[in-house]
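If you read the sequence from its start, that first residue is 1, and numbering goes on from there.
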Amino acid sequence: MGQSIEEVTGKAETLIEALPYIRDFNGKKVVVKYGGSAMLDSDLQKSVIKDVALLKLVGMQPVIVHGGGKEISKWLGYMGKESEFVDGLRVTDKDTMEVAEMVLNKVNKYLVQQMERVGVKAAGICGKDGGMLMCEKKTVNGKDIGYVGEVVSVNTELIDTLIENDFVPIIAPIGMDDHFHAYNINADEAASAVAKAMHAEKLAFMTDIEGVCLDPEDPSTLISVLSLEEADKLIEQGIIGGGMIPKIKNCVEAVEQGVSRVHILDGRREHCLLLEFFTRKGLGTAIIDNKVNLYPHEEGAYNAG
């Protein structure tokens with residue numbers, strides 16, 4: 001059965017609503033941190049790849065930084081090795097580092113394959129390539145957790161070269177130190193470091209939550225846009241707590257260091273990137289320096305709950 005006039009008209013109106021966003025973001029760099037449930041569900045995988053491909057095809061310059069923690073845990077399990085975490089970071093001894101690098105490169109090339117399948121050129125790289133992500137050993141409260149790296153510098157030369165030659169860079173979060181030892185990097189931190197170094201227009205974190213809510217148990221309290229000052233207040237008031245604190249602080253730091261805005265998106269929702277980037281209301285939380293920095297077509301579209 002054919003579509004009704006109302007359905008067709010609705011699609012046309014959605015496209016028209018997207019026009020000012022497409023115009024404003026043309027040629028702008030966008031970093032997408034891909035992880036969580038969106039990596040585990042085949043339908044969501046296809047949705048993310050199509051979203052990023054569309055961003056590319058309408059003139060944006062997307063970069064993907066991906067995780068792969070659950071896949072690493074699975075392969076360690078096959079080896080009879082139990083995963084250990086300290087403050088959300090995987091304790092990474094030499095054997096675990098080898099498995100992590102193997103698995104992340106496997107995931108990386110799979111994502112390249114899926115991007116190529118939809119007709120967009122992609123190149124899979126890791127932070128060791130071209131000395132892109134240089135690290136030092138990261139400790140947690142003075143505790144040595146092995147080959148876990150903290151990014152100290154980012155060389156964007158390889159990323160820039162790929163973008164200039166019409167590729168979508170897909171980056172695995174493996175870096176190295178000055179002695180050329182490999183380090184596993186938290187994917188959120190790697191994405192943030194890349195976005196800051198590129199002076200990206202947008203940094204999007206795909207997560208397993210709706211965004212920042214005044215009541216974490218009530219999705220209807222979602223905050224659509226959050227200024228840096230409001231983010232700090234919510235942390236002080238305890239509304240943002242637990243594992244969200246380091247994520248929000250990471251977002252705040254990225255904005256403070258030149259990323260125009262950071263998006264926290266529910267990666268469990270199909271096409272969440274397109275809905276957040278190209279519609280007035282969106283569906284996640286956008287963190288920006290100040291609400292006076294809203295794009296002209298966004299004025300009045302957001303409220304802070």
Side-chain angles (χ1 to χ4, degrees), residues 2-34 38 43-65 114-115 117-122 163 166-170 191 195 198-207 210-212 219 222-226 251 254-255 259-289 291-304:
Q3 293 180 317
S4 68
I5 292 295
E6 289 78 11
E7 288 174 318
V8 173
T9 301
K11 289 182 178 179
E13 288 173 350
T14 300
L15 289 171
I16 291 168
E17 182 181 349
L19 279 176
Y21 297 88
I22 293 172
R23 180 196 65 222
D24 287 350
F25 303 149
N26 188 269
K28 299 292 177 63
K29 295 180 175 68
V30 178
V31 177
V32 177
K33 186 271 174 169
Y34 178 37
D43 289 335
L44 290 174
Q45 286 176 4
K46 292 173 185 174
S47 169
V48 172
I49 294 299
K50 288 177 180 177
D51 281 9
V52 175
L54 185 57
L55 297 181
K56 170 70 175 170
L57 293 171
V58 299
M60 298 173 75
Q61 298 177 345
V63 175
I64 295 175
V65 179
Q114 296 308 306
M115 189 66 72
R117 187 188 294 273
V118 297
V120 172
K121 294 195 302 181
I163 290 173
D166 209 32
F167 287 86
V168 173
I170 301 179
M198 294 176 63
H199 304 292
E201 180 72 16
K202 290 175 176 287
L203 166 60
F205 289 103
M206 305 193 72
T207 69
E210 290 82 1
V212 179
L222 175 72
I223 302 172
S224 295
V225 66
L226 195 59
C251 295
V255 173
V259 178
S260 292
R261 65 185 58 200
V262 179
H263 300 265
I264 297 176
L265 303 178
D266 187 350
R268 301 167 298 182
R269 296 277 300 273
E270 284 196 24
H271 304 300
C272 62
L273 281 169
L274 300 185
L275 290 169
E276 176 67 3
F277 284 14
F278 294 142
T279 61
R280 282 174 63 82
K281 187 64 174 174
L283 53 75
T285 298
I287 298 175
I288 64 177
D289 186 14
K291 287 186 183 175
V292 300
N293 295 331
L294 288 170
Y295 298 119
H297 48 273
E298 292 176 336
E299 293 295 344
Y302 293 121
N303 68 74

message = Counting only heavy atoms not in Arg269 (residues, nucleotides, ligands), do more than 12 fall under 6.0 Å from its CZ?
response =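 Incorrect, the count does not exceed 12.
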inquiry  = Check this for me: Lys121, atom NZ, are more than 12 non-hydrogen atoms of other residues, nucleotides or ligands nearer than 6.0 Å?
reply    =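 Above 12, so yes.
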State, with a plain yes or no, whether a side-chain heavy atom of [X] is found less than 4.5 Å away from one of [Y].
| X | Y | answer |
| --- | --- | --- |
| Asp51 | Phe277 | no |
| Lys202 | His263 | yes |
| Leu55 | Val168 | no |
| Met115 | Val52 | yes |
| Lys29 | Gln61 | yes |

query = Any sub-3.5 Å donor-acceptor pair from Thr285's side-chain atoms to Ile223's backbone N or O?
reply = yes
ask   = Checking Tyr21 side chain against Phe25 main chain: does a donor-acceptor pair fall under 3.5 Å?
value = no
Results of side-chain contact (heavy atoms from CB on, under 4.5 Å) for [X] - residues two or more places apart only:
| X | result |
| --- | --- |
| His199 | none |
| Arg117 | Gln113, Gln114 |
| Ile22 | Ala18, Val58, Phe278 |

Heavy atoms only: give me the nearest [X]-[Y] pair and the separation to one decimal.
| X | Y | result |
| --- | --- | --- |
| Arg261 | Val255 | CA-CG2, 4.4 Å |
| Leu265 | Gly284 | CD2-CA, 4.1 Å |
| Ala200 | Val31 | CB-CG2, 4.1 Å |
| Glu210 | Asp266 | CA-CB, 3.8 Å |
| Val262 | Cys251 | CG1-SG, 3.5 Å |
| Leu222 | Gly211 | CD1-CA, 3.7 Å |

request  = Applying side chain to side chain donor-acceptor pair (under 3.5 Å), name anything that partners Lys50, two or more places apart in sequence or on another chain.
outcome  =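 Partners of Lys50 by the side chain to side chain donor-acceptor pair (under 3.5 Å) criterion come out as none, since no residue qualifies.
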inquiry  = Just to verify, what does Asp166 make a salt bridge (charged side-chain N to carboxylate O under 4.0 Å, His left out) with, not counting sequence neighbours?
reply    = Lys56
task = Mind checking salt bridge (charged side-chain N to carboxylate O under 4.0 Å, His left out) for Glu270 and listing every partner two or more places apart, or none if nothing turns up?
result =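 Partners of Glu270 by the salt bridge (charged side-chain N to carboxylate O under 4.0 Å, His left out) criterion come out as none, since no residue qualifies.
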message = What's the separation between atom CG in Leu274 and atom CD in Glu276, rounded to the nearest 0.5 Å?
response =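 Output value for this atom pair is 11.0 Å.
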